[in-house]
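One structure is given here, and the rest of the page talks about it.
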Amino acid sequence: MRVAVWEVANRLGVVAGTPAELFSVLLAGPRRTVRLPLPPDHALVRALRPLGHLDLVLDEPPQLPGPPPAGSVDLGDPAAVCAADPVRVTRAYEADPDPRGGLRPAWLRAGQSLLRDQDPADRALVLLAALDEGADPRTAAALTRGAAGSPWTLARSARRPCTALTAAPDGRPVVREDRVLAVACLPDGTQAALDERGRLRLPGGRAGRLADAVAATLASHPATALAAAGDSVLTGDRMGTVHAFSLTGLEQAALHSGRVTALTATATATAPAAATATATASGAAPSPAPAALTVYSGGTDGTVRAWRPGRPPGRSALARRPCPVVALHAAGPYLAVAWADGLAELCRPDTGGTALFRPGPRIRAVAATADGTLVVGLDDAVLHLACRASRPRR
């Protein structure tokens, strides 16, 4: 059943580790036709049939419903399990409760990712990121060696819940554990959050004219996404529109078909050269330069788009995939993207380079640092991954 759930979830572009989680995802989604590599009498097929909004097309699979392939795998050897058939490894771990130095719980936690076709080095990295803090240090050391060929290095990990991520003014990742949709550091450094009803929540209830104005707006027009950069606060709504609030006014752009699910922005000072030279010649200190914003947005339509307030939005998307965007965060030249099918990406919009990571469980939030570190927030962990190189999208 577990292998079938992972396989179905991968085909549908969702994340689910148990039948209950899969049922929940399917019931919340639109009607769709799904081709399953399962026989008609499989237990998962029998459980899915009552869901009237799901049309099942069944194929006899070459492997999933049949007996495991012949041969055995040393379930305590990290190199062996990373190189072996993942279906056979999963079934062996299900039949044997021995934790094997932490390998078994890590495999069953990250199995939806491990089931995909990938290099042993990539599986080693996923397993390393999924290890419990109490795992045998020798297991972690072996997986670290095995992951040497991956495009990532696991810098550190912590077993803690995460619901949202952003970065403080000094670049330090900020992790939220409470029930919020998004978190952002406002222009004055105040940490604001978007609660589950789409309202802005501020420490002490107030944080200056701009934040108060945004909070008043969201009280009657709830938001679905939140970000801040420069002297602006950005929100998204369920109709696909992004709003840029500043003390000089409001700008809006319809960027998505359907709900805006994620926002991030970067600000660059844009002082006119002539004005700066005049101020310097007169002996006066130059006035603060206005900030030019680049806003990145993601939506349920499966697109990531860039917009500069003050200009019309471009027609083409930066990225497009057949599942919603979950989270975004930009820092320096990097853009971190999380998708509903469990994929995290660290992108370079200026060069087109992309490095990919699938932890297995669903991703709650992502953040990037200016030096190319990807921070991934899960329900029960926060992972910091340093990028070695970029790979083509897959």
Side-chain angles (χ1 to χ4, degrees), residues 2-17 37 61-64 68-69 71 73-75 77-94 100 102-131 135 139-155 157 319 321-323 326 336-347 353-363 366 374 376 378 381 383-394:
R2 189 176 318 222
V3 170
V5 168
W6 290 338
E7 178 68 21
V8 170
N10 280 337
R11 286 181 176 241
L12 294 180
V14 299
V15 176
Q63 184 177 28
L64 289 181
V73 178
D74 183 350
L75 299 180
D77 182 352
V81 298
C82 289
D85 172 64
V87 173
R88 179 155 47 114
V89 174
T90 301
R91 290 179 170 175
Y93 278 138
E94 288 179 321
R100 308 285 178 160
L103 274 176
R104 180 183 185 274
W107 185 281
L108 297 181
R109 175 180 292 118
Q112 185 173 337
S113 173
L114 298 167
L115 202 65
R116 291 176 175 269
D117 183 26
Q118 58 192 297
D119 296 336
D122 294 329
R123 284 204 179 98
L125 177 75
V126 172
L127 278 171
L128 180 64
L131 281 179
T139 300
L143 289 172
T144 299
R145 292 192 297 271
S150 164
W152 302 98
T153 298
L154 183 65
S157 64
R321 299 187 66 244
C323 62
V326 170
V337 187
W339 302 86
D341 66 347
L343 176 67
E345 299 181 284
L346 186 66
C347 310
T354 303
L356 313 179
F357 177 66
R358 289 183 182 272
R362 67 174 174 174
I363 300 174
V366 287
L374 175 67
V376 180
L378 310 176
L383 311 174
H384 295 248
L385 299 145
C387 184
R388 292 193 184 109
S390 62
R391 289 185 172 183
R393 184 186 304 273
R394 73 182 183 193

Practice problem: Provide the closest heavy-atom pair for A340 versus V15 in the form atom of the first, atom of the second, distance. | Solution: O-CG2, 3.6 Å
Quiz prompt | Non-hydrogen atoms of L143 and C82 that approach each other most closely | solution = CD2-SG, 4.1 Å
Quiz item: What pairs with R362 under salt bridge (charged side-chain N to carboxylate O under 4.0 Å, His left out), at least two apart in sequence or on another chain?
Solution: D379
Self-check item: Residues which pass salt bridge (charged side-chain N to carboxylate O under 4.0 Å, His left out) with R123, listed by chain and number, not counting sequence neighbours
Solution: none
Practice problem: Go through the steps for R116 and D122 under the test salt bridge (Lys or Arg N to Asp or Glu O under 4.0 Å), then give the verdict. | Solution: CA-CA 10 Å; R116 291 176 175 269; D122 294 329; over 6 Å; no
Quiz item: Does the side chain of P78 come within less than 4.5 Å of R145's, by heavy atoms?
Solution: no
Practice problem: I would like to know whether L114 and W6 meet side chain to side chain contact (heavy atoms under 4.5 Å, CB included); could you show each step before the answer? | Solution: CA-CA 10 Å; L114 298 167; W6 290 338; over 6 Å; no
Quiz item: After noting the C-alpha distance and the side-chain angles of L127 and V81, does the key distance pass the side chain to side chain contact (heavy atoms under 4.5 Å, CB included) rule?
Solution: CA-CA 10 Å; L127 278 171; V81 298; 4.3 Å; yes
Quiz prompt | Minimum-distance pair of heavy atoms, taken over all atoms of A83 and P120 | solution = CA-CG, 4.2 Å
Practice problem: Give a yes or no on whether the backbone of V3 and the side-chain of E94 come within a donor-acceptor separation of less than 3.5 Å. | Solution: no
Practice problem: Using side-chain hydrogen bond (donor to acceptor under 3.5 Å, both in side chains) as the criterion, list what pairs up with R100, not counting sequence neighbours. | Solution: D96
Self-check item: salt bridge (charged side-chain N to carboxylate O under 4.0 Å, His left out) partners for R11, two or more places apart
Solution: E7
Practice problem: Check side-chain hydrogen bond (donor to acceptor under 3.5 Å, both in side chains) between T153 and all other residues, then give those that pass, not counting sequence neighbours. | Solution: R388
Quiz item: Is there a donor-acceptor pair closer than 3.5 Å between any side-chain N or O of W152 and the backbone N or O of L356?
Solution: yes
Quiz item: So V126 and F357, side chain to side chain contact (heavy atoms under 4.5 Å, CB included) or not? Walk me through it.
Solution: CA-CA 8 Å; V126 172; F357 177 66; 4.1 Å; yes
Practice problem: Check P359 against A110 and note the closest heavy-atom contact, atom names and distance. | Solution: O-CB, 3.3 Å
Exercise. Kindly compute the distance separating OG (S150) from CG (D119), expressed to the nearest 0.5 Å.
Key: 9.0 Å
Self-check item: Heavy-atom pair with the smallest gap, counting every atom of A124 and A147
Solution: CB-N, 3.7 Å
Quiz prompt | Results of side-chain hydrogen bond (donor to acceptor under 3.5 Å, both in side chains) for T90 - residues two or more places apart only | solution = W107
Quiz item: Under a 4.5 Å cut-off applied to non-hydrogen side-chain atoms, are L385 and V376 in contact?
Solution: yes
Quiz item: Quick one: CG on L125 to CG on L383, what's the gap to the nearest 0.5 Å?
Solution: 9.0 Å
Quiz item: Which heavy atom of V73 sits nearest a heavy atom of A84, and at what distance?
Solution: CG2-CB, 3.7 Å
Quiz prompt | Criterion side chain to side chain contact (heavy atoms under 4.5 Å, CB included) on L75 and L103, from CA distance to verdict | solution = CA-CA 8 Å; L75 299 180; L103 274 176; over 6 Å; no
Quiz item: Where the side chain of R358 meets the backbone of D341, is there a donor-acceptor pair that is under 3.5 Å apart?
Solution: yes
Quiz prompt | Side chain to side chain, V337 and V366, heavy atoms closer than 4.5 Å | solution = no
Practice problem: State, with a plain yes or no, whether a side-chain heavy atom of L346 is found less than 4.5 Å away from one of T354. | Solution: no
Quiz item: Between atom CG of L343 and atom CD1 of I363, what is the distance when rounded to the nearest 0.5 Å?
Solution: 6.5 Å
Quiz item: Distance-only, no hydrogens or angles: does the Q112 side chain make a donor-acceptor pair with backbone N or O of A16 under 3.5 Å?
Solution: yes
